[in-house]
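Encoded as structure tokens, the structure appears first; notes follow it.
FYI, the numbering just counts along the sequence from 1.
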Amino acid sequence: MKNLHKLLAILLAAALVLPLAGYAAAADSFKDVTDGETAAIVAPLQMLGVIEGNGDGTFKPDRTLTRAEFVKMAVHAFGLESKVAQYETRTVFPDVRSNHWARGYINLAASEALTPTGDRWIQGYSDGTVKPDAPIKYSEAVTILMRMLGYGDADANYIWPDGYLRLADACGLTDGVKASRNEPIIRREAARLFTNLLLTEYKTGGVFVAAAGQLTENVVLFGKNEQNAKAIDTSAGTFTVKSGVRPDALVGKRGTLVTDSAGRALTFIPAEGGSVTVTAAALLHSGIVTAEGESYDVAPETPVYGLEKDPVSYGTAFIDIQPNSLLTLFADGRGRVDYIRLVARAGGDSAVITADKDASAIVRITRGEPYRLVKNGVSVTADKLRKYDVCVYDAAGGIVYVSDEKLTGIYENAYPGPASPTKVIFFGNSFGLTPAAAESVPAAKLGSAVTALFTHDGRIALFADPAEITGYAVGVVTEAGPASVTVETVTGLTLSGPVSLSQYAAAHLVGSLVTVSQTQSSRVTYSAVSAQEKGELDSAKATLGTRSLAAGAAIYERVGNGRTVRISLAALGGRVLPASKLIASCVAADGTVSAVLLDDATGDLYDYGFATVGSETMSGLDGESYSVRTLTVANAAGTSAMVYAPLLDYKTGELYGVAPSVAEYGEGRIITLTSAAVSRSDFFTRDGVTYVTAAGEVFAVAENAQCYNSAAKTWFATLTEARLFSVNLTVYFERTAAEGGKIRVVASR
């Protein structure tokens, strides 16, 4: 397994856009910058060293900025950091003490004539102070940057701050900035100002960043160079980055490359707009038709990057680009496509493996486009990401699908062969592969134990060394027999395997929450889960006992030996369920609760209707015959499955709810309904849900509530029909509203 270990290390450290690449936290991006727009304005400043973050890999984009922090950014943007030390021993402002971390920066900005007008960037307040630790206001920030561009009080007509703000709007410095003039500016918007500054013209002409080096426009940034850890590949060639920072957020974008006299890249400033990533449905000599039906005209001489080592003209390349490939089209100022980049070939994936709570790796596969995170089926924020999560980007929907399914088992076979497989037999089941997984499979030995990391749609994204990562599946048994068991995991995988069970044990295993593991070929272990975490389930706070529920935690419900159904947390209505409702729970490796099985939590698993009480003759183990009372209910949907009703005096014609057992000899459960008289005016609708006031409580009417015409002895098709038919109605519910009860039957009177 040494090769697997080495390969895993490479994947988790690499910075490739395609195919799948792992991620190890680095200074190239901030783990709390999760939207492409912010990442694209922060990245050029990282390359320049204007932004360094907070030392913990975060940027905190919504935090306000102090005056001292902003001045430090300004000094670095102007390239004057080498002069800071000579100002650290001076006293310019009484409230900037000798031990203040920004003393040199503030004194520099207040002392030197850094503009052609002779105006200092900062001048302090009328009382002689500068208030270094106070939040900087938007108007103050704009004033400093305008002075850096050579504008002074005279240019602003000595009107502050309006004069400076008007000048800033006119020259484009404030384009896209969302801030109020007298309010503190947050770090995200400050970064936008500084990025705008780079290509804003001085009062005397020439853009700001041109003073730092040579500008090359219309350059496409392809990504990090694989041979040089400090270099980037672009349409203009390969360049070593002076700062060593190669931000993922700019990959695939077109913009302005800034290089110094030694030919090193200082920064890359993306152009506004100018590119779109599409899935190509058809490639014609004259252009491209996307999967959404949009058409783009493409000239034959347009260069295509990514198909071969060197760019190829579209007129030659289009026949070699397969439909369903992912392309980024770069347009010039007149809307013509002048560059094309092949992002992913048809059938490929844009995917990454994340570090803990780190969304920066995802920026690579989204190429800076806006996206939404969906983990295990639910929308989440970046703080729900965990190490070794597998992320796949759906460019058409703008969604990054995240899966944390990991499974350790036996690698049994590969097709068509282990050297270049398209699918594998793993854990006794057949799975497809992502392109990157196909690279890691040859490093594994047939018959050995490996840990598979899965995508959201059930493909293997990586074979890893079990010494590095282990995992087992958690799910619900959907089918069971004496010789085989099928489990649907919480992330949607279907796993089947051989067992040796009695008919009785197999029948009672169906619906159970289990863990699934494998230690040797053709031998899979299914272990029923009890309550690994106990206590109350607070559906509003998403907690069970002392633990939080995981992102996309699987919530299951069953009644007795009845069917097990996955429900949403919202179906619990924000209630706190007592520990007595808990059948089983599973705690994940990160300490969160990944799965919960509840007993009769919602009342939705019963069939509600009018009862027919009967009997059935059964043979006992002693050979004797016994008569057992049975009960079924009938409603507009038909007749329910039979349940045994030996204990209570149930009556034919009364309304009940029944939850049949999935086991052949399971009793199932019966629940008696409570009635209340209401008027049609007691019903109301709020947020798309119908409610009724009955018995002093407000009940939600179940979506599948049965509506009965008592006069005609027939069923209404809708609640509206029942209310139109009669002013006076009787409603039936299975438990109080406070306990989560709903109206199950509505009958006319």
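- Partners of A542 according to the side-chain contact (heavy atoms from CB on, under 4.5 Å) rule, which considers only residues two or more places apart in sequence or in another chain, are L549, L569.
- Atom CD1 of I555 sits about 6.0 Å away from atom CG of L537, to the nearest 0.5 Å.
- Using bins of under 30°, 30° to 60° and over 60° for the plane-to-plane angle, the ring pair F463/F426 lands in the tilted bin.
- Between the side chain of S512 and the backbone N or O of A528 there is no donor-acceptor pair closer than 3.5 Å.
- Minimum interatomic distance between P660 and M642 (heavy atoms only, all atoms of both residues): CB-O, 4.3 Å.
- Listed here is the closest heavy atom pair of C391 and V402: SG-CG2, 3.9 Å.
- Distance alone, capped at 3.5 Å, places no donor-acceptor pair between the R669 side chain and the G562 backbone.
- Ion pairing between D389 and K384 fails under the 4.0 Å rule for side-chain N and carboxylate O.
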Problem set entry | Test log, rule side-chain contact (heavy atoms from CB on, under 4.5 Å), inputs V477 and V485 | CA-CA 7 Å; V477 177; V485 169; 3.9 Å; yes
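- Across all non-hydrogen atoms, the minimal contact from R629 to D649 is NH2-OD1, 4.3 Å.
- Under the 3.5 Å distance criterion, the side-chain polar atoms of E734 are matched with a main-chain donor or acceptor of K742.
- Side-chain atoms of S726 come within 3.5 Å of backbone atoms of R749 as a donor-acceptor pair (strictly under, hydrogens ignored).
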For this session: Before giving the answer on side-chain contact (heavy atoms from CB on, under 4.5 Å), spell out for L605 and R563 the whole-Å C-alpha distance, their side-chain angles and the decisive distance to 0.1 Å.
Result: CA-CA 8 Å; L605 301 189; R563 60 195 175 102; 4.1 Å; yes
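- With sequence neighbours left out, the salt bridge (Lys or Arg N to Asp or Glu O under 4.0 Å) criterion links D538 to no other residue.
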For this session: Would you sort out whether D600 and Y606 count as a side chain to side chain donor-acceptor pair (under 3.5 Å), showing the intermediate values?
Result: CA-CA 9 Å; D600 194 9; Y606 290 86; 2.9 Å; yes
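- Between N635 and Y708, every side-chain heavy-atom pair lies at or beyond the 4.5 Å cut-off.
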Exercise. Does the pair S527 and V514 meet the rule for a side-chain contact (heavy atoms from CB on, under 4.5 Å), with working shown?
Worked result: CA-CA 5 Å; S527 302; V514 298; 5.9 Å; no
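- Between D404 and R386 there is no salt bridge, since no side-chain nitrogen of the basic residue lies less than 4.0 Å from a carboxylate oxygen of the acidic one.
- The number of heavy atoms from other shown groups lying within 6.0 Å of NZ (K581) is above 12.
- Among V565, V596, V490, the one residue that satisfies the side-chain contact (heavy atoms from CB on, under 4.5 Å) test with Y556 is V490.
- For the residue pair Q706 / Y732, no side-chain donor-acceptor distance below 3.5 Å is found, with atom types taken as modelled.
- S585 OG to E533 CD: the interatomic distance, rounded to the nearest 0.5 Å, is 6.5 Å.
- Side-chain atoms of N429 come within 3.5 Å of backbone atoms of S496 as a donor-acceptor pair (strictly under, hydrogens ignored).
- No side-chain donor-acceptor contact under 3.5 Å links S640 and T632.
- With values rounded to the nearest 0.5 angstrom, L501 atom CG is found 6.5 Å from L509 atom CG.
- Contact of the I567 side chain with the L572 side chain is registered, since non-hydrogen atoms from C-beta on lie closer than 4.5 Å.
- Judged by distance alone, the side chain of Q518 and the main-chain N or O of I410 form a donor-acceptor pair under 3.5 Å.
- Here the straight-line distance linking atom CG of L462 with atom OG1 of T455 works out to 12.0 Å at 0.5 Å rounding.
- Between F683 and V678, some side-chain heavy-atom pair lies under the 4.5 Å cut-off.
- Note: K375 NZ to S403 OG = 9.0 Å, rounded to the nearest 0.5 Å.
- Side-chain contact of T720 with T718: a donor-acceptor pair under 3.5 Å is absent, judged by distance alone.
- Between R744 and D607, none of the side-chain N atoms (NZ, or NE/NH1/NH2) sits under 4.0 Å from a carboxylate O, so this pair counts as no salt bridge.
- Counting heavy atoms from C-beta on, the side chains of T422 and L433 never come closer than 4.5 Å.
- With contacts defined as side-chain heavy-atom distances shorter than 4.5 Å, the pair V441/Y411 qualifies.
- For the side-chain contact (heavy atoms from CB on, under 4.5 Å) with F733, the qualifying choice from V701, V745, T674 is T674, the only one to do so.
- Contact between K651 and Y656 at its shortest, heavy atoms only, is N-OH, 3.0 Å.
- Side-chain atoms of T489 and L407, non-hydrogen and from C-beta on, never get closer than 4.5 Å to each other.
- Checked against the 6.0 Å centroid threshold, F454 and F431 count as a close aromatic pair.
- Annotation for S379 and R372: closest pair OG-NH1, 2.6 Å, computed over non-hydrogen atoms.
- Without hydrogens or angle criteria, E536 side chain to V576 main chain gives no donor-acceptor distance under 3.5 Å.
- Contact detail for T408 and F427: the closest heavy-atom pair is O-CE1, 3.4 Å.
- When side chains are defined from C-beta on, T451 does not count as touching E468, because their heavy atoms never get closer than 4.5 Å.
- At distances below 3.5 Å, at least one donor-acceptor pair connects side-chain atoms of E697 with backbone N or O atoms of A737.
- Remark: the backbone N or O of G497 is paired with a side-chain donor or acceptor of Y526 at under 3.5 angstrom.
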For this session: Start with the C-alpha gap between Y415 and S430, add the side-chain angles, then the distance that decides, and say whether side-chain contact (heavy atoms from CB on, under 4.5 Å) holds.
Result: CA-CA 10 Å; Y415 296 96; S430 176; over 6 Å; no
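- Within the 4.5 Å cutoff, the side chain of R735 has heavy atoms near those of the I671 side chain.
- Here the CG atom belonging to L544 is positioned 11.5 Å from the OG atom belonging to S539, to the nearest 0.5 angstrom.
- Under the 3.5 Å distance criterion, the side-chain polar atoms of S679 are left unmatched by any main-chain donor or acceptor of D682.
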